[in-house]
Amino acid sequence: MSPADDAPDRGPDTAPTDFLRELIRSDMADGTFGGRIQTRFPPEPNGYLHIGHAKAICLDFGLAAEFGGTCNLRFDDTNPDTEDTEFVEAIVDDVAWLGFEPERAPLYASSYFDQLYAWAEHLVSAGLAYVDDQDGETISAQRGGFGRPGVESPFRTRSIEENLDLFRRMRAGEFPDGARVLRAKIDMQHDNMQLRDPVMYRIRHAHHHRTGDDWCIYPTYDWAHGQSDAIEGVTHSLCTLEFDSHRPLYDWYLDHLPLPSDRPRQTEFARLEFTYTVTSKRKLAKLVEDRLVDGWDDPRLPTLRGIRRRGYPAAAIRDFCEFIGVARTVSRHEIELLESFVRRELNATALRRMVVLRPVRLTITNWPVDEHGAAAVEWVEVANNPENPDEGVRRVPFSGSLWIESDDFRAEPPPKFFRLSPGREVRLRGAYFVTCTGFETDDAGNVTEVMCTYDPATTGGNAPDGRKVKSTMHWVSVDHAVDVMVALYERLFAAEVPGEATGDPLDDLNPTSREVLERCRAEPIVGECPPGSVVQFERLGYFAHDPSTAGLFHRTVGLRDEWANIQRRSAR
RNA sequence: UCGCGGGUAGUUCAAUUGGCAGAACACCGGACUUUGAAUCCGGGGGUUGCAGGUUCGAGCCCUGCCCCGCGAGCCA
């Protein structure tokens, strides 16, 4: 093989290009920001991260690294009512799991409260901010609407001295919650509603997870975000599309503060959404609070903790995010595309094991007995991963009494079914060819036992005469089987866009999103699977061993299943 | 109603900035196979939202229209 053959798929010629990279490249080329790039990932610690955040994380950290810069993890903790250290810890952990390392220890917008306050006084002193005594309802009504200009607050023309005095007394705690706010003095007629004298500070006598009771006024998102970026030296402040209309405000604040010329610049991109799920903290919290799922790490949830417990590899998520690129078109990806990345990664890395989900007994009638009259046991070698010979082989006990998958036997085989049925010969993986000689049923007609003979010449699954079989099946020795519990998952929602029809996503909840199989039979080595590891149950799919409950396996994703497609097509 | 953003295959994105509209996933077919997996090969798929204009030539530029998203928290 020549060196060119094993060159990576993405050489310099095919490096991803998108509007963000083009922007950064052009900034680098013309010396904007002195050829420097610094980004930040700015979650609010009021919930758990989900798959949608993965795109932002990959972009914020990935782009900085790609262009030789750095990325901070900064908590946007300006609202004490909803935030908690529980979420801080989980978010730090999730970002690390995804494979990204912040340049510094986590940062907090709350660390900048003093500076923010000083800058607010600066704006008040410049006549660019004022204290408004009206309540929220009144202010909202005065703001006007789309195509309808707002009206100015009667307090807008207060003197600078009075504003300063009032603002200081707000900070000193002289007024109750909601009594007054500090507002930027911009333009109540502006087409962009964000610029109609936005609120900068609100009074909230609340305990903050980091600053405790030091403050009773808290900055709003808009007043805190750009300034935090500036303090940290962020150059490219990347966020999702819904902040597009906030950009003029982001710039307005920065323009009116004593800052160096290298100011951060906000750029928006489309958030990541998927079919058959929801990615909104509010909706996810609803599922958890209403106990519709087990918790924030339920494997059916698109939270990072959920998909991690489900067995999705971080590498697959990173590859996916790189593959989909970034644009400004609102996009909802087919969940199948993510799954295909999960399969691709796991196919290369997951060890193969044999587990029978829905067991039916198979008896080999001509299996030998040993010198004591007991059924012989033979340990056969099976590859741990045919995709990767370096993983070696394991020895699996085989005998005349086996469990096979009930789906793998049909008394009356339908067209194109080429697994086991009376008179049919198949291969038992790594062991022998067997031919079905008969079967037993119970009173209801369910198959209870399948009888076979085996061909001793086909040891290891090889036929010396070269004859072929149409099917190779997995199996587990009855006497050596270990019981495991398996959770099979379908989509959490039955509709492509949950809530599209009725407005409430819960109306589209899939009632059969989880099926638990209590007694699946596994080959002995499955009992040694490390918690959290993901293996392939041959012919069935990838399964993740639960991190805390031994013997519980979550189906990460099934294998592609041509037989299921055939059945689906013939059903129509 | 006003402002901003967006519209290329079923889906998500490309198209060297005005030069033969492509890729992946999905779907269909074939090869191979000790996983009906993986892998390999091939196929169907398009009025580039619509209409007009500029141009030798328009997905790209201009004009008008249509559709979708976001915006009137003291949330982020």
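Each chain gets a letter, A, B and so on, in the order its sequence line appears, and its residues count up from 1.
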- Item | Anti/syn call for B/rG73, syn if |chi| within 90° | syn
- Task: Name the orientation of the base relative to the sugar in B/rU17: syn if the glycosidic angle is within 90° of 0, else anti.
- Result: syn
- Message: What does the B/S/- profile of nucleotides 35-48 of chain B look like, 5' to 3', with a 4.0 Å heavy-atom cutoff to protein?
- Response: BBBS----------
- Evaluate the side chain to side chain contact (heavy atoms under 4.5 Å, CB included) criterion for residues A/Lys281 and A/Thr82: first the C-alpha distance (whole Å), next the side-chain angles of each, then the deciding distance (0.1 Å), finally the verdict. CA-CA 12 Å; A/Lys281 278 187 193 170; A/Thr82 57; over 6 Å; no
- Salt-bridge contact A/Asp407-A/Arg539 (side-chain N to carboxylate O under 4.0 Å): no
- Pairwise 5' ranking along RNA chain B for A/Glu334 and A/Asn565, keeping only the more 5' one: A/Glu334
- Ring geometry between A/Trp475 and A/Phe398 (parallel below 30°, tilted from 30 to 60°, perpendicular above 60°): perpendicular
- Note on the structure: B/rG3 -> Watson-Crick or G-U wobble partner, both distances under 3.5 Å, gives B/rC70
- Message: More than 12 heavy atoms of other residues, nucleotides or ligands under 6.0 Å from CD of A/Glu500: yes or no?
- Response: no
- Message: In whole Å, I'd like the distance from the CZ atom of A/Phe323 to the P atom of B/rA24.
- Response: 8 Å
- Query: A/Tyr432 vs A/Tyr454 aromatic rings, parallel, tilted or perpendicular, using cut-offs 30° and 60°?
  - Reply: perpendicular
- Item | Watson-Crick/G-U partner (both atom distances under 3.5 Å) of B/rC27 | B/rG43
- Mutual orientation of the aromatic rings belonging to A/His225 and A/Tyr221 [parallel < 30°, tilted 30-60°, perpendicular > 60°]: tilted
- Message: Could you tell me how far apart A/Glu336 (CD) and B/rC27 (P) are, to the nearest whole angstrom?
- Response: 8 Å
- Task: Calculate the interatomic distance between A/Ile335 atom CD1 and B/rU12 atom P; express it in whole Å.
- Result: 14 Å
- Item | Distance in angstrom units between A/Asp319 CG and B/rC13 P, rounded | 18 Å
- Nearest whole angstrom, please: distance from the C1' of B/rG3 to the CD of A/Gln189. 15 Å
- Item | Whole-Å distance separating the CG atom of A/Leu338 from the P atom of B/rA26 | 13 Å
- Message: What's the closest nucleotide to the side chain of A/Thr329 if the choices are B/rU17, B/rG6, B/rU12?
- Response: B/rG6
- Message: Can you build the contact string for nucleotides 70-76 of chain B? Use B for base contact, S for sugar-phosphate-only contact, and - for no protein heavy atom under 4.0 Å.
- Response: SBBSBSB
